2 protein chains.
Amino acid sequence: MHQLVNLDLLSDLRGDLLSLEQLKNVPFDIKRVYCLTKLHADHPRGFHAHRQLQQLVICLSGRCRFVLDDGHQKQEVWLESACQGLLLGHSVWREMYDFSEDCVLLVLASDYYDEADYIRDYQEFLAATEIR
Amino acid sequence: MHQLVNLDLLSDLRGDLLSLEQLKNVPFDIKRVYCLTKLHADHPRGFHAHRQLQQLVICLSGRCRFVLDDGHQKQEVWLESACQGLLLGHSVWREMYDFSEDCVLLVLASDYYDEADYIRDYQEFLAATEIR
């Protein structure tokens with residue numbers, strides 16, 4: 001359903017550098033990058049799955065809680081370090097909660113934004129996971 | 001030498017979303033993404049130019065000051081908003097200063113890391129700009 005991957009940080013007195021390269025430590029071509037900032041603890045996000053998209057999610061600052069659901073079971077993951085990447089395949093319903101005030105989320109995606117790739121209705125998602 | 005580009009944020013009650021897509025609002029293929037965090041005001045970074053690399057730099061949180069130099073003149077740019085991207089072509093000497101404690105820098109790059117593409121000696125950089 002998901003995979004937590006360790007990411008190497010280049011750290012020295014100047015700070016931390018996280019390097020992400022397509023088809024190297026990112027297992028797909030990076031076509032889109034998006035960032036979530038100014039998040040609110042009381043405004044969860046997500047509530048969708050993707051038909052095909054692969055994504056790598058990294059919490060660059062602060063922390064937040066993911067609830068992941070493959071239609072059969074749910075798992076909870078806290079992201080709170082830039083050296084941890086959350087690899088999300090398709091067909092995973094994701095919900096994000098409990099953003100810290102300083103939370104900055106970076107997401108690398110394997111394709112362009114395409115509304116047709118989203119499943120935003122949970123019952124439709126469950127039906128799709130049964131067909132697979 | 002550089003170009004400041006306006007980037008649209010999708011903002012609502014849940015926060016801000018910045019979407020960057022290759023060959024759309026990013027004028028090159030995104031092969032590498034790197035992030036700078038835990039920066040220190042008294043530890044500047046950069047001090048190099050690139051022979052070929054193109055980069056788009058965005059300050060996702062906090063602020064910092066860039067000093068850019070094409071070998072003929074220097075310019076200073078403050079980055080302090082996720083809706084502003086700094087597009088850096090090749091052959092620009094860049095130095096970064098005055099990072100706020102919460103500064104998070106995101107850089108999209110047109111190619112993989114390649115030490116041979118770096119010019120780390122300022123005199124060599126000046127010589128290279130005269131040849132061009």
Side-chain angles (χ1 to χ4, degrees), chain A residues 7-26 28-47 56 58-62 64 81-83 85 95-97 99-114, chain B residues 7-26 28-47 56 58-62 64 81-83 85 95-97 99-114:
Chain A
L7 300 167
D8 290 332
L9 292 181
L10 292 168
S11 300
D12 60 27
L13 281 175
R14 299 170 303 165
D16 291 348
L17 188 153
L18 169 66
S19 174
L20 302 159
E21 296 190 315
Q22 73 178 17
L23 303 179
K24 292 191 173 183
N25 59 348
V26 179
F28 50 76
D29 277 331
I30 305 165
K31 287 199 180 158
R32 180 174 184 239
V33 175
Y34 66 92
C35 308
L36 300 174
T37 55
K38 298 183 180 170
L39 298 153
H40 297 279
D42 52 352
H43 288 297
R45 299 191 69 125
F47 300 93
L56 179 65
I58 297 138
C59 188
L60 296 175
S61 165
C64 74
S81 165
C83 60
E95 301 174 1
M96 293 169 268
Y97 297 92
F99 305 104
S100 64
E101 205 172 314
D102 58 346
C103 184
V104 175
L105 281 179
L106 171 70
V107 186
L108 310 189
S110 63
D111 214 334
Y112 293 114
Y113 173 81
D114 174 11
Chain B
L7 300 168
D8 290 332
L9 292 182
L10 292 169
S11 300
D12 60 28
L13 280 175
R14 300 170 302 164
D16 291 348
L17 188 152
L18 170 67
S19 173
L20 303 160
E21 297 190 314
Q22 71 178 18
L23 303 179
K24 292 192 174 183
N25 60 348
V26 178
F28 49 77
D29 277 330
I30 304 165
K31 288 199 181 159
R32 180 176 184 237
V33 174
Y34 67 92
C35 307
L36 301 174
T37 55
K38 298 185 181 170
L39 298 153
H40 297 279
D42 52 351
H43 288 296
R45 299 191 69 124
F47 301 93
L56 179 65
I58 297 138
C59 188
L60 296 176
S61 165
C64 74
S81 166
C83 60
E95 300 174 1
M96 292 169 267
Y97 296 92
F99 305 104
S100 64
E101 205 171 315
D102 59 345
C103 184
V104 175
L105 281 178
L106 171 70
V107 186
L108 310 189
S110 63
D111 214 334
Y112 293 114
Y113 173 82
D114 176 10

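What you see is a predicted model, and the numbers here were worked out from it, not measured in a lab. Order of the sequence lines sets the chain letters (A, B, ...), proteins ahead of strands, with each chain counted from 1.
For the set B/L13, B/L10, B/V104, B/D42, the entry with the most heavy-atom pairs within less than 4.5 Å of chain A is B/L13.
To the nearest 0.5 angstrom, A/Q22 atom CD is 7.5 Å from B/D29 atom CG. Atoms CD and OH, from A/E21 and B/Y34 in turn, are 11.0 Å apart once rounded to the nearest 0.5 Å. Expressed to the nearest 0.5 Å, how far CG of A/L39 lies from CG of B/L17 amounts to 9.0 Å. Atom CG in A/L60 sits 10.0 Å away from atom OG in B/S61 (nearest 0.5 Å). Here CD1 of B/I30 is found 12.0 Å from CG of A/L20. Values are rounded to the nearest 0.5 Å. The CG atom of A/L18 sits 10.0 Å away from the CG atom of B/L106 when rounded to the nearest 0.5 Å.
In terms of modelled atom types and a separation under 3.5 Å, the side chain of A/Y112 and the main chain of B/K24 share no donor-acceptor contact.
Contacts of A/L9 with chain B are absent, with no heavy-atom separation under 4.5 Å from either backbone or side chain. Contact of B/T37 with chain A is made through backbone and side chain together, with heavy-atom distances under 4.5 Å. Contacts of B/Y113 with chain A are made by both backbone and side-chain atoms, with heavy-atom separations under 4.5 Å. Looking at B/D102, there are no atoms closer than 4.5 Å to chain A (heavy atoms on both sides), in backbone or side chain.
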ask   = Could you go step by step and tell me if A/L36 and B/D16 meet the side chain to side chain contact (heavy atoms under 4.5 Å, CB included) rule?
value = CA-CA 6 Å; A/L36 300 174; B/D16 291 348; over 6 Å; no
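Around the CG atom of B/D8, the shell of radius 6.0 Å holds no more than 12 heavy atoms that belong to other residues, nucleotides or ligands.
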